[in-house]
Amino acid sequence: MNPLYQNGFTIRSLKAYFSPYFVGLTRPTAEKCFLLLLGILSLQGIQSIRFLYDWFLRLVSPRSLNAYYYLFTAPTIPLEKLARVTVQLALACIAEEDGRFPVFLILDDTLQPKYGTHFAEYQTLFDHARHNGSNFLKGHCFVALVLSVPVRMEGEIRYLSVPLGYRLRSRDENKLELAAAMVRQAMSAFPEGKRAILLCDSWYPKGAVRQVVVDTPQLEMVANVRKDTCLYDLPPQPTGKRGRPAQKGRPLACQTDFAFSLDLGDYQIGTRKVLTKLFDEPVYAIVTVTNPEEPSGFRLFLSTLLPEELGMEEQERAMLCPEVAEEEREVLLPYCLYQYRWAIEVIFYEQKTFWSFGNYMVRSRAGIECYVNLLAVVYSAVQLLPYHQKKYAHLRQESRLVKKQLLGTAIQQEVFFVTFALSLEKRLISRALWKSLERWMMQKRNF
């Protein structure tokens, strides 16, 4: 494998990029991990670990297939460390002048159908999207966390989204506790004073996830919540009369207590500060509706971050909300930030369609989680490598698929040339040895 590091330009660059992930691992484990990452990146589709071994791994390493299966089943790769390193690499891409723009943590889960009953944690799941025409799906449920960081691209702010990791949910595990643990681990890698905004749908702003937001001063939340969530007006001013002052105002209803004075596309929007049972402090509530006469059309969003607390100038708000009128940007900024949650749906689609996310054939839970998290590391590398190494800066504006194809082609070419050169060298050495042996035999006969 050493000739690949010495002679392969792309492989040597990837080795330097991936090296922080291997700190603390033994040398054989680090080498196998790196070869797996190279194989995932170089092949356009993966059908199984055996497929990856037959078409790449056995060509560059003498290790057996069982060695890689053991890597997936044994707890030798700490998944929490992979997430922390990805957070550090992603935050390093933020320029100093862009430090005032928010950083997003996006939380969601995805279902992966499987057609074998021997996989660990195989279960029947409720599928609200009816992907297979039924409300129920047999397979696995993964909880995912994505990090989005602001970067400059042609003078404008664009958000670079990378998956931090996946966790396979078992029957006995609480999805909220699993998600809260992932958010807590990601926040532990943030530098002191760096603030993040957690974006999630209506399933997550409760329980353990809500508690993480309360306990972490650096973390705020903008979430879609159930429209029947209890809302209260701010408490009235103390009157000076005897008795305990009111802790909350009157109850509020989305349909009647919001003034829908703002328009954004087809939506009418109303905002106000409210109190809820979710948080002790006032939060910012946004209600959207297309037709106020239709009760089912209301949607409610809550933000623990008030618009004036972002501390952004008008030009910076315009970069985040270009479609909103200037006089409405400040009050609609928390609602505009929620649109960046869609990045996790794009990652789900791309990884399932083009990155062989569901093509794992290992049965154990540790093996499945190891496989999907290595995919997340490679996906992140494709996004972040052009910002860490200047020689790949020209790839910044290319799509993830184009970057993967270009890097994969370069890896295959380097592997071909190195293995071809080694085979020629072995032939020349063996031929020279054979001639030396013939000369020695002739000298022995003459003697």
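Sequential numbering from 1 along the given sequence is applied to the chain's residues. Values in this document were obtained by computation on a predicted structure and should not be read as measured data.
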**Item:** Phe51 atom CZ, over 12 foreign heavy atoms within 6.0 Å
**Value:** yes
**Item:** Aromatic ring pairing Phe142/His140, orientation class (parallel under 30°, perpendicular over 60°, tilted between)
**Value:** perpendicular
**Phe119 six-ring centre to Lys114 NZ/CZ under 6.0 Å and within 45° of normal** = yes
**Request:** Please confirm whether the backbone N or O of Phe56 pairs with a side-chain atom of Gln412, one donor and one acceptor, at under 3.5 Å?
**Result:** no
**Prompt:** If we only count heavy atoms from C-beta on, is the Val103 to Pro150 side-chain gap below 4.5 Å?
**Reply:** yes
**Prompt:** If only atom types and distance count, is the side chain of Gln397 paired as donor or acceptor with the main-chain N or O of Met153 below 3.5 Å?
**Reply:** no
**Request:** Kindly assign one of parallel, tilted or perpendicular to the pair Tyr360 and Phe357, based on the angle between their ring planes and the thresholds 30° and 60°.
**Result:** perpendicular
**Item:** Partner residues of Gln211 under the side chain to side chain donor-acceptor pair (under 3.5 Å) criterion, sequence neighbours left out
**Value:** Asp215
**Message:** Under a 3.5 Å cutoff, is there a donor and acceptor pairing between the side chains of Thr26 and Thr29?
**Reply:** yes
**Enclosure of Asp228 CG (heavy-atom neighbours >12, cutoff 6.0 Å)** = yes
**Prompt:** Just by modelled atom types, is the Val287 backbone N or O under 3.5 Å from a matching donor or acceptor in the Arg299 side chain?
**Reply:** no
**Asked** Around atom CD of Glu97, are there more than 12 heavy atoms of other residues, nucleotides or ligands at under 6.0 Å?
**Response** yes
**Request:** Validate the cation-pi geometry between Lys138 and Tyr122: distance from NZ or CZ to the six-membered ring centre under 6.0 Å, angle to the ring axis within 45°.
**Result:** no
**Asked** Got a sec, which residues hit ring-ring contact (aromatic ring centres under 6.0 Å, His included) with Tyr204, two or more places apart in sequence or on another chain?
**Response** none
**Item:** Within-4.5 Å side-chain heavy-atom neighbours: Phe22 and Leu37
**Value:** yes
**Request:** Check the pair Tyr21, Thr86 against side-chain hydrogen bond (donor to acceptor under 3.5 Å, both in side chains), reporting the backbone distance first and the verdict last.
**Result:** CA-CA 8 Å; Tyr21 290 98; Thr86 303; 2.8 Å; yes
**Item:** Non-neighbouring partners of Tyr284 that pass ring-ring contact (aromatic ring centres under 6.0 Å, His included), sequence neighbours left out
**Value:** none
**Asked** Between Glu220 and Thr304, do the side chains contain an N or O donor and an N or O acceptor separated by less than 3.5 Å?
**Response** yes
**Message:** Check whether Lys391 reaches the backbone of Pro386 with its side chain - one donor and one acceptor, N or O, closer than 3.5 Å.
**Reply:** no
**Asked** Run the side chain to side chain contact (heavy atoms under 4.5 Å, CB included) check on Trp203 and Leu176 step by step: do they pass?
**Response** CA-CA 9 Å; Trp203 181 267; Leu176 295 175; 4.1 Å; yes
**Request:** Using ring-ring contact (aromatic ring centres under 6.0 Å, His included) as the criterion, list what pairs up with Tyr68, not counting sequence neighbours.
**Result:** none
**Request:** Evaluate whether atom OH of Tyr115 has more than 12 neighbouring non-hydrogen atoms of other residues, nucleotides or ligands under 6.0 angstrom away.
**Result:** no
**Prompt:** Distance-only, no hydrogens or angles: does the Asn373 side chain make a donor-acceptor pair with backbone N or O of Glu369 under 3.5 Å?
**Reply:** yes
**Prompt:** Does Glu121 use its side chain to pair, donor to acceptor, with the backbone of Arg169 at less than 3.5 Å?
**Reply:** no
**Asked** Are Tyr166 and Leu375 close enough that some pair of their side-chain heavy atoms sits under 4.5 Å apart?
**Response** no
**Message:** Side chains of Gln218 and Glu192: any donor to acceptor distance under 3.5 Å?
**Reply:** no
**Prompt:** Who pairs with Asp54 by side chain to side chain donor-acceptor pair (under 3.5 Å), at least two apart in sequence or on another chain?
**Reply:** none
**Message:** Take a 6.0 Å sphere around NZ of Lys352 and say whether it holds more than 12 heavy atoms from other residues, nucleotides or ligands.
**Reply:** yes
**Asked** Donor-acceptor pair, Arg226 side chain versus Thr229 backbone, under 3.5 Å?
**Response** no
**Message:** Holding to ring-ring contact (aromatic ring centres under 6.0 Å, His included), I want the full list of residues that pass it with Tyr159, two or more places apart in sequence or in another chain.
**Reply:** Phe104, Tyr340
**Asked** Hey, does Arg58 have a side-chain heavy atom less than 4.5 Å from the side chain of Arg63?
**Response** no
**Request:** Would you verify whether the NZ or CZ of Lys403 falls within 45 degrees of the ring axis of Tyr392 while also being under 6.0 Å from that six-membered ring's centre?
**Result:** no
**Prompt:** With a cut-off of 6.0 Å (strictly less than), are more than 12 heavy atoms of other residues, nucleotides or ligands near CD of Gln405?
**Reply:** no
